[in-house]
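All ligand and atom numbering here is 1-based and tracks the order in the structure. Positions are given from 1, in the same order as the sequence printed here.
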Amino acid sequence: MSLRSVDKIKSEHQNLPKHIVIVMDGNGRWAKKRFMPRTAGHHAGVKATRKVVEGCVARGIHALTLFAFSSENWRRPEQEVSSLMSLFVTTLQSEVKSLHEQDVRIRFIGDCTAFDEKLREKIQQAESLTINNKGLQLNIAVNYGGRWDIANAFKPIAEKILKGELSLEDVNAELVNQYVSLADLTEPDLFIRTGGEQRISNFLIWQLAYTELYFTDVLWPDFNANELDTAMEWYSSRQRRFGKTGEQLQDTNHG
Ligand code: FPP
């Protein structure tokens, strides 16, 4: 596998993203173009996922968060939903051991209570097996929605207010930030969406406030380490200002 970007970006002292998040879109269209059922597209999507996870490990990326199933995906035909659920179970069965050997920590974000017992058990096993791993922090969003995430953050805050442990004046962005998903990780640097749509689709809407957004027409099953390099090269050329002016940043860089 080529690591062209990492060497190039590092040699130019440019930034590598620490945390990449991906909306893996286009499985269905990939299958349709080949006159195959949509489920074949999802199977091909798993292969692409493996390549990208391994690519992130090889490139020393700290965290990767993947949108595998949104809270809106339940609206799909029942047969597609149930085949996606089986695919998640078999993928966890076949991949977790190798991910563990690569020092990958696996975590799931989203409301897992909606899944059947078998899937919840696999999720729990993957999380507890890899809990101490220090390599790539791999987060898989399942039955996840950004609005759900923000609403959920307010429950423990409200509870603390009711108990008198917090006052209304304590409620600010920093506080909410502590209760949304992935609070312990560095905020996403690079958002990638495959499949040609230019939407965030209720993914990590709180966490993406300052993230660079990259959209590509490549369908998810065709995405690979080379495509990842292209996205990372695009990211390394972006100037992240976090509300400051370009001149202020140049002063900081030279100071
Ligand atoms: C979007 O393509 C893809 C999904 C809803 C499923 C994503 C799941 C995978 C790629 C499998 C990864 C598995 C794990 C365990 C991480 P789409 O069906 O919306 O495609 P379309 O827009 O072309 O119809």
Side-chain angles (χ1 to χ4, degrees), residues 20-57 61 63-100 102 104-110 112 114-116 118-127 129-130 136-146 181-182 191-204 215-224 227-228:
I20 300 176
V21 304
I22 309 184
V23 174
M24 309 178 288
D25 200 8
N27 293 349
R29 278 164 286 160
W30 182 93
K32 195 171 174 197
K33 270 169 57 179
R34 289 162 178 77
F35 306 101
M36 289 156 90
R38 292 177 59 82
T39 48
H42 295 314
H43 278 88
V46 171
K47 288 189 187 160
T49 307
R50 187 185 303 123
K51 286 183 200 158
V52 169
V53 170
E54 287 176 359
C56 285
V57 171
I61 302 298
L64 173 68
T65 302
L66 302 172
F67 207 4
F69 193 83
S70 77
S71 37
E72 289 75 29
N73 285 151
W74 294 111
R75 296 179 195 148
R76 294 189 171 207
E78 203 179 313
Q79 196 229 336
E80 183 172 345
V81 171
S82 81
S83 103
L84 268 172
M85 294 299 143
S86 320
L87 183 63
F88 292 151
V89 172
T90 53
T91 303
L92 285 173
Q93 245 152 7
S94 62
E95 305 294 327
V96 167
K97 188 167 172 274
S98 143
L99 291 170
H100 182 46
Q102 296 174 71
V104 175
R105 178 177 179 186
I106 307 170
R107 263 190 288 181
F108 290 81
I109 58 169
C112 294
F115 297 127
D116 73 19
K118 194 165 180 197
L119 181 51
R120 276 187 283 143
E121 195 183 294
K122 293 282 162 215
I123 286 176
Q124 213 261 317
Q125 283 170 355
E127 288 188 332
L129 178 70
T130 62
L136 177 71
Q137 304 293 296
L138 174 62
N139 311 296
I140 303 173
V142 284
N143 196 23
Y144 176 89
S181 298
L182 311 179
F191 166 102
I192 299 173
R193 181 172 187 146
T194 61
E197 306 292 351
Q198 304 205 349
R199 282 192 294 269
I200 290 174
S201 297
N202 199 19
F203 189 38
L204 297 171
F215 299 97
T216 170
D217 289 338
V218 174
L219 303 174
W220 179 247
D222 293 326
F223 201 85
N224 54 29
E227 297 296 338
L228 181 67

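In the vicinity of N73, heavy-atom distances shorter than 4.0 Å reach the ligand 1 atoms 5 (C). Remark: ligand 1 atoms within the under-4.0 Å shell around heavy atoms of R76 are 5 (C), 17 (P), 18 (O), 19 (O). Interface atoms of ligand 1 facing G28, defined by a heavy-atom separation under 4.0 Å, are 17 (P), 18 (O), 20 (O), 21 (P), 23 (O), 24 (O). Annotation for ligand 1: atoms under 4.0 Å from non-hydrogen atoms of F88 are 13 (C), 15 (C). Residue T91 approaches ligand 1 through these ligand atoms, each under 4.0 Å from one of its heavy atoms: 15 (C). Heavy-atom contacts of T49 reach the following atoms of ligand 1: 12 (C) (cutoff under 4.0 Å).
Taking each heavy atom of G45 and P221 in turn, the nearest pair found is N-CG, 4.2 Å. The two residues W220 and V52 come nearest to each other via the heavy atoms CH2-CG2, 3.7 Å.
The backbone and the side chain of N27 each have at least one atom closer than 4.0 Å to an atom of ligand 1 (non-hydrogen atoms only). The residue K33 has no part lying near ligand 1, judged by heavy-atom distances below 4.0 Å. With a 4.0 Å heavy-atom cut-off, ligand 1 is reached by the side chain of W220 but not by its N, CA, C or O. Proximity of F67 to ligand 1, defined as any heavy-atom pair under 4.0 Å, is not found for any part of the residue. With a 4.0 Å heavy-atom cut-off, ligand 1 is reached by the side chain of R38 but not by its N, CA, C or O.
Not a single heavy atom of K32 sits under 4.0 Å from any atom of ligand 1. Distances shorter than 4.0 angstrom occur between a heavy atom of A68 and an atom of ligand 1. For the ligand labelled ligand 1, residue L66 lies outside the 4.0 Å heavy-atom shell.
Listed for the N143 side chain is no donor-acceptor partner under 3.5 Å among the backbone atoms of C112. Judged by distance alone, the side chain of R107 and the main-chain N or O of L138 form no donor-acceptor pair under 3.5 Å.
Summarising the geometry, atom CD1 belonging to I22 is positioned 4.5 Å from atom CD1 belonging to I192; distances are rounded to the nearest 0.5 Å. A distance of 10.0 Å separates CD of E127 from CG of L92, quoted to the nearest 0.5 Å.
Annotation: ring pair (Phe, Tyr, Trp, His ring centres under 6.0 Å) contacts involving residues 73-100, sequence neighbours excluded, comprise F69-W74, W74-F115. Residues in residues 77-100 take part in these salt bridge (Lys or Arg N to Asp or Glu O under 4.0 Å) pairs, two or more places apart or across chains: R38-E80, R50-E95, R76-E80, K97-E101.
Compare R29, K47, M24 by their heavy atoms: the one nearest to atom 23 (O) of ligand 1 is in R29.
Shown here is E197, whose CD atom has more than 12 heavy atoms of other residues, nucleotides or ligands within 6.0 Å.
Looking from atom 11 (C) of ligand 1 to the surrounding protein, the closest heavy atom is V46 CG2, 3.7 Å. Scanning the protein heavy atoms around atom 4 (C) of ligand 1, the nearest turns out to be H42 CE1, 3.9 Å.
Of the N and O atoms on the side chains of Q102 and S98, at least one donor lies less than 3.5 Å from an acceptor on the other residue.
A perpendicular orientation is assigned to the rings of F203 and Y144, their planes being inclined by more than 60° (bins at 30° and 60°).
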